[in-house]
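To start, the structure itself, in structure tokens.
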Amino acid sequence: PVWFKAGAQLFAPDGIDYLGSPGLIDAHNIIAIVACQVLLMGGAEAYRTKAAGADRTYPGGSFDPLGLADDPESFAELKVKEIKNGRLA
């Protein structure tokens, strides 16, 4: 099947064949899939938002390989330029 019809496999009589084993995961029940998605993603987001301040659980850190944010004044100016650029785009 083509990639844009992959979701339709869920409702096909054969279902989705995970790892070559048709009985591995029963993906015929859309309500069960949505419930699992909400529980798993909700749990991950709740864990992420529980952290406060500098202990945020974002992967890595701030992305500044050139050290442009070292000076607070130039950093504030760069933030304004970035916002203005985004509004133009």
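For the numbers below, each heavy atom of this structure counts, side chains included, while hydrogens, waters and symmetry mates do not. All of these numbers come straight from a predicted model, not from anything done at the bench.
Grouping Ile, Leu, Val, Met, Phe, Trp and Tyr residues whose side-chain heavy atoms lie under 4.5 Å apart, directly or via other members, leaves Leu39 alone, with no other cluster members.
The side-chain hydrogen bond (donor to acceptor under 3.5 Å, both in side chains) test applied to Gln37 returns no partner, not counting sequence neighbours. For Val34, the side-chain contact (heavy atoms from CB on, under 4.5 Å) partners are Ile30, Val38, not counting sequence neighbours.
Every pair passing salt bridge (charged side-chain N to carboxylate O under 4.0 Å, His left out) that includes a residue from residues 35-46 is listed here, sequence neighbours excluded: Glu45-Arg48.
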Hey, can you pull the donor-acceptor pairs under 3.5 Å for the side chains in residues 67-77, sequence neighbours left out?
| residue | atom | partner | partner atom | Å |
| --- | --- | --- | --- | --- |
| Ser74 | OG | Asp71 | O | 3.1 |
| Glu77 | OE2 | Lys81 | NZ | 3.2 |

